[in-house]
There are 2 protein chains.
Amino acid sequence: MSRKPMVRPGGRSARVQQAVHTAVRELQAEVGRPELTVPMIAARAGVTPSTIYRRWGDLQELLSDVAVERLRPEAPPEDHGRLLDDLRSWAEQFLEEMAAPTGRAYLRDALLGDPDGDNAGRCSDYAAEQIGTVLARAVERGEDVPDVDTVIDRVVAPVMYRILFRPDGLTGAYAHRLAEEALEGFSAGR
Amino acid sequence: MSRKPMVRPGGRSARVQQAVHTAVRELQAEVGRPELTVPMIAARAGVTPSTIYRRWGDLQELLSDVAVERLRPEAPPEDHGRLLDDLRSWAEQFLEEMAAPTGRAYLRDALLGDPDGDNAGRCSDYAAEQIGTVLARAVERGEDVPDVDTVIDRVVAPVMYRILFRPDGLTGAYAHRLAEEALEGFSAGR
DNA sequence: GGCCTGACGCAAGTAATTTGCTTTAGGGTG
DNA sequence: CACCCTAAAGCAAATTACTTGCGTCAGGCC
């Protein structure tokens with residue numbers, strides 16, 4: 001029942017979706033997010049506005065789609081050979097990416113135009129996947145590890161909460177501390 | 001530099017603000033959030049649309065204002081005579097309030113139309129204040145207590161994260177567990 | 001009590017959104 | 001491979017929302 005159809009690559013829908021997404025990214029860079037309008041995007045994408053309205057409903061849902069795409073991690077987390085180091089480093093990068101002005105903007109957009117919580121769920125899945133990778137590696141090495149959910153509660157949630165609700169004074173050190181505390185009581189704990 | 005002036009009660013601005021906020025709440029109940037429009041609110045409040053646009057900028061900022069008001073806690077947390085019980089009970093109520101459809105909607109609105117993060121900060125302050133009260137009482141009793149920030153990281157943040165990103169399967173038991181874990185290592189811990 | 005400022009009302013102009021109808025691309029079937 | 005059938009796109013008119021300039025008024029401050 002989503003407005004985002006599962007289009008096969010190569011079809012016309014796919015080309016339109018591609019063109020529109022590209023147009024959004026280009027225009028975001030050129031004129032800035034607050035000046036963006038649906039007709040402007042449509043013109044750039046070589047599409048009529050009504051197409052966008054019909055497919056995405058409104059600007060916010062479209063931006064939400066684009067934002068989620070950009071929040072998808074591009075590479076698996078770095079491997080430092082030890083859970084504590086992996087998690088610390090991942091948390092730090094995660095925080096830096098999300099707390100940067102551009103990251104925060106994407107995050108807001110992703111949450112914003114998301115009536116059914118679908119895109120938000122996707123963001124959460126990305127993080128869970130990354131953490132799953134880190135933990136799986138540690139298990140492979142024979143380390144004793146916590147649940148993915150525990151790490152989400154102890155690391156991801158605090159970072160997100162602070163980014164969204166109290167955006168001041170976020171440092172890499174904070175991310176490190178969270179990672180360490182999340183591992184207390186496990187073999188990887190300090 | 002906010003668009004929300006600190007109007008003294010009794011002035012005309014105050015009356016307009018009051019009328020508009022009331023109109024928003026009434027119409028939210030009557031027609032539902034997605035059907036809300038600025039002209040509709042203006043008509044109900046007995047005000048011209050341009051007044052709303054000039055004062056709030058757009059619908060989202062107005063809704064954000066209204067939402068923050070409704071998220072303000074109405075009473076101090078219950079006193080059960082023991083930190084663990086106080087925190088458990090508070091966390092449960094907090095979760096229930098925020099996870100309910102209406103609470104989630106307010107939360108989203110509050111975050112949503114909030115360019116400067118001002119309203120989000122206010123929400124966080126509300127929670128911090130409530131927790132501060134709970135902890136202060138415990139100190140009064142001679143209990144050993146964690147920081148407000150620790151409780152926020154361990155209880156508030158996970159609840160909020162799940163509400164925003166993974167809205168399924170939230171139960172009071174989860175809130176209890178978070179409260180208990182937040183107090184581990186303190187005199188109130190189980 | 002009389003100015004002065006900031007906020008509101010009004011109305012005209014501009015831009016965005018919705019909608020009904022037509023056209024077309026491209027997948028499915030024989 | 002050609003033909004239909006449907007989902008999605010184009011087009012254009014109608015509606016609705018938003019912006020803006022200017023006149024007016026309330027109410028705070030001498």
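In what follows, chains are A, B, ... by sequence order, proteins preceding strands, each numbered from 1.
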N or O in side chain of A/Tyr53 less than 4.0 angstrom from C/dT18 OP1/OP2: no
Write down the distance between CZ (A/Arg55) and C1' (C/dT19), rounded to a whole number of angstrom. 19 Å
A/Arg54 CZ to D/dC11 P, in whole Å, measures 13 Å
Interatomic distance where CH2 belongs to A/Trp56 and P belongs to C/dA16 [whole Å]: 18 Å
Just how far, in rounded Å, is C1' of C/dA16 from CD of A/Glu35? 15 Å
For the side chain of B/Asp86 and the backbone of B/His80, is there at least one donor-acceptor N/O pair under 3.5 Å apart? yes
Quickly work out the A/Leu36 CG to C/dA16 P distance and round it to whole Å. 11 Å
With sequence neighbours excluded, tell me which residues meet salt bridge (charged side-chain N to carboxylate O under 4.0 Å, His left out) with A/Asp125. none
Whole-Å gap separating P (C/dA16) and CG (A/Leu59): 11 Å
Rounded off to whole Å, could you give me the CD1-to-P distance for the B/Ile52 and D/dC18 pair? 10 Å
Interatomic distance, CD1@B/Ile52 vs CD@B/Gln17, rounded to 0.5 Å, equals 11.5 Å
Would one find a side-chain N or O of A/Arg12 under 4.0 angstrom from OP1 or OP2 of D/dG10? no
Kindly confirm or rule out a cation-pi arrangement of A/Arg162 over A/Tyr174, judged by NZ or CZ under 6.0 Å from the six-membered ring centre and within 45° of its axis? yes
Side chain of B/Glu143, backbone of B/Leu83: donor and acceptor closer than 3.5 Å? yes
Between the base of C/dC8 and the side chain of B/Ser13, is there any donor-acceptor pair under 3.5 Å? no
To the nearest angstrom, the CG-C1' distance between A/Asp58 and D/dA17 comes to 14 Å
Check whether any side-chain N or O of A/Thr48 sits under 4.0 Å from OP1 or OP2 of D/dC11, and answer yes or no. no
If you check every side-chain atom of B/Thr37, which of D/dA17, D/dA8, C/dG9 has the closest atom? D/dA17
With hydrogens left out and only the distance checked, is there a donor-acceptor pair under 3.5 Å joining B/Ser50's side chain and the base of C/dC8? no
